[in-house]
Amino acid sequence: TPEQLEFERLIETDSRVEPTDWMPEAYRKTLIRQISQHAHSEIIGMQPEGNWITRAPSLKRKAILMAKVQDEAGHGLYLYSAAQTLGISRDAMYDQLLSGTAKYSSIFNYTTPTWADMGSIGWLVDGAAICNQVPLCRCSYGPYGRAMVRICKEESFHQRQGFEILLTLMRGTPEQQRMAQESVNRWYAPALMMFGPPDGESPNSQRSMAWKIKRFSNDELRQRFVDMLVPQAEVLGVTLPDPDIRWNEERGHYDFGVLDWDEFYEVLAGRGQANTVRLANRRAAHDDGAWVREAARAYAAREDADRSTLLERIA
Amino acid sequence: TPEQLEFERLIETDSRVEPTDWMPEAYRKTLIRQISQHAHSEIIGMQPEGNWITRAPSLKRKAILMAKVQDEAGHGLYLYSAAQTLGISRDAMYDQLLSGTAKYSSIFNYTTPTWADMGSIGWLVDGAAICNQVPLCRCSYGPYGRAMVRICKEESFHQRQGFEILLTLMRGTPEQQRMAQESVNRWYAPALMMFGPPDGESPNSQRSMAWKIKRFSNDELRQRFVDMLVPQAEVLGVTLPDPDIRWNEERGHYDFGVLDWDEFYEVLAGRGQANTVRLANRRAAHDDGAWVREAARAYAAREDADRSTLLERIA
Amino acid sequence: SDAVARYALGLGDDALILAQRLGEWIAHAPELEEDVALGNIGLDLLGHARSFLTYAGSAWEKSEDDLAYFRDEPEFTNHQLFERPNGDFAHTIARQLIASVYFDALYGRLTASSDPTLAAIAAKAAKEVAYHVDHSVQWVRRLGLGTDESHRRMQAGLDALWPFVDELFRPDAAIEVLGDVAVRPETLRDEFDRTVPAVIVESGLAVPAVAPAAGGGRAGVHTEVFGHLLAEMQVLARQHPGATW
Amino acid sequence: SDAVARYALGLGDDALILAQRLGEWIAHAPELEEDVALGNIGLDLLGHARSFLTYAGSAWEKSEDDLAYFRDEPEFTNHQLFERPNGDFAHTIARQLIASVYFDALYGRLTASSDPTLAAIAAKAAKEVAYHVDHSVQWVRRLGLGTDESHRRMQAGLDALWPFVDELFRPDAAIEVLGDVAVRPETLRDEFDRTVPAVIVESGLAVPAVAPAAGGGRAGVHTEVFGHLLAEMQVLARQHPGATW
């Protein structure tokens, strides 16, 4: 069909597909799944950091953390809007999250027992997210690509803040240094797994790359991330918990050890530290707020009715 | 009437009036008011001490405090039962408390900002309560008098524990000593006011004494309390916040200064530190628990029905 | 001077403690837009707090963090309203309505302070709290006129917080002596009384007729929830005295 | 020995942290009888905790208070179930059902421990937890069969707590080596599975089908609420290090 050809031309020429353009159903579905998962991740991702807002150890850090968690809510809203352009409602997506049928990034099923985790999340988790997301700024679907441009800007700000938290801890008391190292030990491997399974075990990646939704393979992105981390870890003075990391002159990259994917699949299957708690908290917020949303709807309906009556009277 | 004569004989001979005996309506009403106020005071009185259960500074103190607050709930239940013998339901009394039409002891509208308040409440507030309550063990109304016997035993235990808390603080660090003295400064006058206004301004006292509900006047009890406190304060090493306290050889009692009754009436009028908060907390507990009580009722009704069906089948 | 610093400290504590309460909402709000909105308001207040506390601390060679993390309960001088628990969303909105209109009136006047630092902080803050007033007024209206349940909850929220209104406007000897530097609290009552009761009544709600609480926040007297709030707020900083974050 | 002390520490932490949670209920229960009942159960648990912690501390020259107030989060070895928040009454009852049946099975067996101190503590505790089992079973039944709302809430409570069941019964290498001194957790699962699902089903409720949480409480891994609980529990003791109370 001519629409199909037009779609293929857009992809081939690295142009953007826009909401009004024709697109294959599978392309639409893939994007809806990916964007809404991304949105859900931002929303669930508020919790591990929200855990420290009331206990942040300085007012400056408290302000930065509040702003960051709030940015995440903003990113969530922004991404839901992008997904809506593909013909799914925000309520439908949100229901999928709350009912457990939609996924969110597994990384947020880990917990934040110490303040240093605010640093590790920024440095490692946001760092990995950026590696993932920078190429998405060139995603073939316009609204998603444009959303990512804005989000990436803020994420790289967040990553710098996380780095700074760890740097301050590593320059602090021996207790603070231990806290930082212990936290990096916990977050390093899960962050590397954020790029998804090894390329051989990632069946959908191929098609996403053909559609120019995805631009690099999981393993390519993971390598890029490790290459970025190693020199930063040296600046921080933290040890990355992988004895196999070493520079490979030949490849021009850092080699690194094999990851324990069993744990990844355990968490993915719902048996992580916080899977049930994360969803239960989100559901509780939703249920506790039901009467508020209902009141807002009733008020809006009433206002509309008043306005109609007024218009009728004028007419 | 012969019943009236019998009632008067019981009072005169210091015998007990029992629920099945005839009694004047005013006697009944006075007792209902007094016993239910006493019960309400126990219930509201759980809050100022409940405030420190989660923060008690040693496990032993935590256990003692939990047991004490729980005793207060027990006393409340016990007193509600005594009042019920006069023909009022517990629900009716409880509604009066929650709606603000019934009173409770004004002392519980003060707050407990420090741990030392656990000591002051025991030593001063429970101490005053005991002075008030020991004579009530001989109250002309049987069920109330008997309830007071048991309650007084536990209260004097509580008073000793409060004394011990203050003693430990006064033998502790300078900070602990300051904490204890500051707390005694706050609780001393309100505790003295627990006996009610000066005799000249206490119109109902006379009749209660004639009926042998009350055995001593407000001022008599207050004097007895001060006489008890002064030597105990010396053992503790705390200063009672009244420069006019001195031994009066002639009277055989301690003289003490004039109290600021304006503050008393302010708190009584609802303008204390915690009046609205105390009632709001109690109401919240009641409202939040409504579904639980409803479920228990529904379950009990169902069980009864099942039992009847079973009996019918057997018959 | 010490008196000016103490004045700034009170203002700083008000903003800090309310920001702390709003921080408890994040990730629990009734909708994502409110996670953002309450977070924004909390952040604004935290900003005000930091300015006031830094200024106060400059008189005593103390940092904002010394003041926020290493004072004990009786040294905190915030009004009791700001420490009251969040309760449900209607309680929080009731507290926000009272707080925002109070801040709005106060900062509007403080902009003319003869102390240039206080005037500058107030000028910046005044712009932000105007938005906070809007936010709370809109929600009071929605909840008051929304459903039976929201009406009931909104009224309960107002009733619960109203005893803490009076304290905001009581004369304060420590302020009297400051002349043009400070705003006498009792002079703000008019503006509050012109604004808030009207909002309440227009929203189909009743202005609560409840006795005021004894108060005393500016003198370090707090409600029983405050110790719990501080325990949480200060726990980490106090575990590592002298550390930098 | 150190290994026995660590075992006692785990048992003590379980009881202590659950007692702390139950202490939060007092003066907030749905009826006065429950203020008394939950207080009683909390007191019993606190008693068990004190016995276990005192015994554990005797190996390290530490008092029960040293252990309760001056350890940090990763040094607490309670299972995660016991630190989970109270939620509504149904959540608390769900936690109590799981906890009481677990304690009942455990203490019943520990009475035969070759360590006379552990056996004696367990013997005393076993009598008390039998009452706790009754209390929770009766309430699960009332709430499960009571009203639609109570049924819904009871099911939600079970669903929320169920992920934390698995951890209670996982094999533990540190216990294996203790032989007759300790009870291997996995050997208690049968009794639990014979009792709890039956109670749930008889109450018209469904045994939750949810994935277990990763756990790790015995190794010092806790859920995010735990730091907040500790901040409150330890605040006063830590403000006055070395003081006697």
Side-chain angles (χ1 to χ4, degrees), chain B residues 39 42-67 69-74 76-77 80 90 94 114-115 165 168-169 171-173 175-176 179 281-282 284-286 288-303, chain D residues 16 19-40 42-43 46-47 49-50 53-54 63-65 67-69 88-90 93 138-139 141-151 153-154 229 232-240 242-245:
Chain B
E42 297 280 356
I43 302 309
I44 296 291
M46 295 167 73
Q47 288 182 42
E49 289 170 296
N51 182 35
W52 281 93
I53 286 177
T54 55
R55 295 177 293 171
S58 81
L59 296 186
K60 182 182 145 199
R61 291 290 170 208
K62 189 191 285 282
I64 291 174
L65 189 60
M66 278 179 86
V69 175
Q70 205 204 10
D71 278 350
E72 287 159 4
L77 286 171
Y80 283 130
R90 179 171 143 192
Y94 206 66
T114 78
W115 168 254
I165 287 174
T168 311
L169 292 176
R171 289 178 177 173
T173 65
E175 267 180 307
Q176 287 178 303
M179 191 193 280
N281 284 347
R282 201 66 236 171
H286 191 72
D288 292 348
W291 68 271
V292 177
R293 296 190 303 278
E294 204 187 321
R297 272 193 303 273
Y299 177 79
R302 189 174 159 151
E303 288 287 283
Chain D
L16 173 63
Q20 176 74 3
R21 282 291 184 217
L22 291 176
E24 295 172 11
W25 264 110
I26 291 183
H28 299 97
E31 50 189 28
L32 290 173
E33 284 79 356
E34 283 308 304
D35 275 318
V36 176
L38 293 176
N40 256 326
L43 261 176
L46 189 52
R50 295 182 64 194
L53 292 181
T54 299
S63 72
E64 56 177 16
D65 289 334
L67 293 174
Y69 293 98
D88 67 9
F89 187 69
I93 291 297
Q138 279 174 31
W139 272 112
R141 208 161 277 164
R142 281 194 202 108
L143 299 181
L145 300 172
T147 64
D148 286 351
E149 181 176 10
S150 71
H151 178 91
R153 286 178 183 259
M154 191 65 237
L229 179 150
E232 183 168 355
M233 185 170 94
Q234 299 179 330
V235 61
L236 180 58
R238 289 193 174 203
Q239 248 169 45
H240 302 265
T244 303
W245 302 95

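Here is how names work: the chains are called A, B, and so on, in the same order as the sequence lines, proteins then strands, and each is numbered from 1.
- Only the side chain of B/R302 comes within contact range of chain D, with heavy atoms under 4.5 Å apart.
- Using modelled atom types and a 3.5 Å distance limit, the side chains of B/Q47 and B/N281 yield a donor-acceptor pair.
- Counted by atom type alone, D/E232 and B/T54 present one or more donor-acceptor pairs between their side chains at under 3.5 Å.
- Side-chain contact check for D/L236 versus D/Y69: every heavy-atom pair is 4.5 Å or farther apart.
- Taking D/E33, D/R238, D/R50, D/R21 one by one and counting their heavy-atom pairs under 4.5 Å with chain B, the maximum is reached by D/R50.
- When each of D/D148, D/I26, D/L16, D/L32 is checked for heavy-atom pairs under 4.5 Å with chain B, D/L32 comes out on top.
- No other option in D/H151, D/Q138, D/Q239, D/H240 has as many heavy-atom pairs under 4.5 Å with chain B as D/H240.
- In this structure D/D88 satisfies the side chain to side chain contact (heavy atoms under 4.5 Å, CB included) test together with B/W291, D/A90, D/H91, D/R153, sequence neighbours excluded.
- Comparing B/E49, B/R297, B/E175 by how many heavy-atom pairs each has under 4.5 Å with chain D, the most go to B/E175.
- For the atom pair CD1 (B/I44) and CZ (B/R282), the distance works out to 6.5 Å, reported to the nearest 0.5 Å.
- Heavy atoms of D/V36 lying under 4.5 Å from chain B belong to its backbone as well as its side chain.
- When the candidates B/G172, B/A63, B/A298, B/G74 are compared by the number of heavy-atom contacts under 4.5 Å with chain D, B/A63 comes out ahead.
- Interatomic distance, D/E64 CD to D/T54 OG1, rounded to the nearest 0.5 Å: 4.0 Å.
- Ranked by non-hydrogen atom pairs under 4.5 Å with chain D, the options B/P57, B/A56, B/A295, B/A285 are led by B/P57.
- Residue contact with chain D, scored on non-hydrogen atoms closer than 4.5 Å, involves the backbone and the side chain of B/L59 alike.
- Using cut-offs of 30° and 60° for the angle between ring planes, the B/W115 and D/W245 rings count as perpendicular.
- Using a 4.5 Å cut-off between heavy atoms, B/V69 touches chain D through its side chain atoms alone.
- Among the candidates D/H28, D/Q234, D/E24, D/R141, the residue making the largest number of heavy-atom pairs closer than 4.5 Å to chain B is D/R141.
- Heavy atoms closer than 4.5 Å to chain B are found in both the backbone and the side chain of D/L43.
- Listed by chain and residue number, B/A116, B/D117, B/M179, B/E182, B/S183, B/R186 satisfy the side chain to side chain contact (heavy atoms under 4.5 Å, CB included) test with B/T114 (two or more places apart in sequence, or in another chain).
- Only the side chain of D/L53 comes within contact range of chain B, with at least one heavy atom under 4.5 Å from a heavy atom of that chain.
- Looking at D/N40, the atoms closer than 4.5 Å to chain B (heavy atoms on both sides) sit in the backbone and in the side chain alike.
- Of the two parts of D/F89, the backbone and the side chain both hold a non-hydrogen atom closer than 4.5 Å to a non-hydrogen atom of chain B.
- The main-chain N or O of D/E31 is never found under 3.5 Å from a side-chain atom of D/E34 such that the two would form a donor-acceptor pair.
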